[in-house]
Amino acid sequence: MEEILIVDGYNLLNAWEEMAPFADISLEAARERMIHLLDNYGAFQGVRVILVFDGRGTGRAETVLRGQTEVVFTPESQTADSFIESLAADLAGRFRVSVVTSDYEEQKSVFGSGAVRISSREFAALVRHSKSRETGHYRDASGQLNYLDGRLDGRIREILDRKRKS
């Protein structure tokens with residue numbers, strides 16, 4: 001059964017300590033960084049990620065695909081919480097659904113729909129752990145990162161070096 005991860009975007013953004021430096025630059029920078037990390041997480045874990053941001057007050061109601069991550073900005077008339085609750089209820093039973101939020105009311109609704117709740121802080125820790133496992137996946141037996149260059153035949157490496165320098 002396919003697994004779907006629904007993420008309360010601003011809830012996670014505010015709970016994730018690593019996002020603070022990006023949020024200091026701009027909210028857009030923090031969102032972009034989070035989208036990038038969640039897209040990598042989803043690809044590595046084999047999970048479909050739906051990242052939901054509250055679109056109220058932004059004049060921005062849209063759904064876009066960023067890599068394999070679906071990014072949703074809710075319409076003015078709908079909060080991210082109500083969107084997530086409705087989506088979780090709709091998908092639960094047909095998919096394994098997990099919702100990332102630390103909002104208590106949203107958690108109760110998610111439990112009621114049959115989805116699993118993951119707190120924002122727990123999820124940030126899961127992403128950190130996954131990222132270290134992902135990096136380890138690309139290391140060789142000596143612990144060094146195993147770049148493509150190290151796996152190329154010597155003749156191929158010479159040809160590519162000549163092309164790069166020309």
Side-chain angles (χ1 to χ4, degrees), residues 1-55 58-74 80 83-84 87-88 90-91 94-102 115-166:
M1 183 180 287
E2 182 182 3
E3 186 173 345
I4 298 178
L5 180 69
I6 304 170
V7 179
D8 185 335
Y10 290 126
N11 189 280
L12 178 59
L13 190 66
N14 291 321
W16 200 345
E17 294 172 7
E18 289 91 341
M19 291 297 121
F22 297 96
D24 288 345
I25 296 168
S26 75
L27 189 55
E28 184 67 24
R31 277 194 307 254
E32 288 300 316
R33 177 66 178 155
M34 190 164 63
I35 290 167
H36 173 75
L37 289 171
L38 293 182
D39 192 48
N40 283 344
Y41 176 84
F44 190 71
Q45 297 296 327
V47 175
R48 181 174 152 208
V49 178
I50 303 172
L51 177 58
V52 182
F53 291 105
D54 200 329
T58 66
R60 182 178 184 177
E62 63 181 337
T63 300
V64 294
L65 194 59
R66 297 287 303 277
Q68 295 179 336
T69 299
E70 192 174 331
V71 181
V72 177
F73 287 89
T74 64
F83 181 90
I84 290 168
L87 183 61
D90 182 49
L91 297 174
R94 296 182 293 139
F95 302 95
R96 284 191 326 252
V97 178
S98 298
V99 176
V100 175
T101 185
S102 291
V116 173
R117 182 268 319 169
I118 305 171
S119 80
S120 293
R121 289 186 197 273
E122 286 175 294
F123 183 70
L126 284 174
V127 172
R128 275 192 302 274
H129 178 71
S130 175
K131 188 152 182 57
S132 68
R133 282 185 39 232
E134 180 182 342
T135 302
H137 182 76
Y138 297 106
R139 293 189 184 275
D140 62 19
S142 70
Q144 297 296 311
L145 283 175
N146 191 1
Y147 295 105
L148 176 61
D149 180 60
R151 292 182 260 161
L152 289 176
D153 176 72
R155 291 173 297 144
I156 301 294
R157 191 176 310 118
E158 286 176 24
I159 292 168
L160 291 173
D161 274 344
R162 280 195 304 265
K163 290 220 178 272
R164 183 177 51 87
K165 292 174 183 176
S166 63

So NE2 of His129 and OH of Tyr41: to nearest 0.5 Å the spacing works out to 9.5 Å

Do you know which two heavy atoms are closest between Ala15 and Arg121, and how far apart they sit? O-NH1, 3.8 Å

With sequence neighbours excluded, what pairs up with Phe73 under the side-chain contact (heavy atoms from CB on, under 4.5 Å) test? Tyr10, Arg31, Phe53, Arg60, Glu62, Val71

Within a radius of less than 6.0 Å around CD of Glu32, do more than 12 heavy atoms belonging to other residues, nucleotides or ligands occur? yes

Locate the shortest heavy-atom distance separating Val52 from Ala80; write the atom from each residue and the value. CG1-CB, 3.9 Å

Spatial distance of atom CZ (Arg48) from atom CD (Glu3) [nearest 0.5 Å]: 12.0 Å

Stepwise side chain to side chain contact (heavy atoms under 4.5 Å, CB included) check, Gln45 with Leu126: CA-CA 11 Å; Gln45 297 296 327; Leu126 284 174; over 6 Å; no

Can you check whether Gly55's main-chain N or O pairs, donor with acceptor, with Thr74's side chain at less than 3.5 Å? yes

In this structure, are over 12 heavy atoms from other groups packed under 6.0 Å from Glu17 atom CD? no

Between CD1 of Ile84 and CD1 of Ile6, what distance do you get to the nearest 0.5 Å? 7.0 Å

Does Arg155 have more than 12 heavy atoms from other residues, nucleotides or ligands lying within 6.0 Å of its CZ? no

Scan Leu91, Val49, Val99 and name whichever one has a side-chain contact (heavy atoms from CB on, under 4.5 Å) with Ile4. Leu91

Residues Glu18 and Arg33 bridged, charged N to O under 4.0 Å: no

Close side-chain approach of Leu27 and Leu13, heavy atoms under 4.5 Å: yes

Value for CG (Leu65) from CD1 (Ile50), rounded to nearest 0.5 Å, stands at 10.5 Å

Search all heavy atoms of Leu12 against all heavy atoms of Met34 and return the closest pair with its distance. CD2-SD, 3.6 Å

Atom CG in Asp8, atom CD1 in Ile118: separation rounded to 0.5 Å? 13.0 Å

By salt bridge (charged side-chain N to carboxylate O under 4.0 Å, His left out), which residues pair with Arg162, not counting sequence neighbours? none

Between Ser102 (side chain only) and Ser120 (backbone N and O only), is there a donor and an acceptor less than 3.5 Å apart? yes

Just wondering, do Arg66 and His36 contact through their side chains at under 4.5 Å, heavy atoms? no

4.5 Å side-chain heavy-atom contact, Phe123 and Leu38: yes

Would you give the length of the straight line joining atom CD of Glu70 to atom CG of Leu5, rounded to the nearest 0.5 angstrom? 12.5 Å

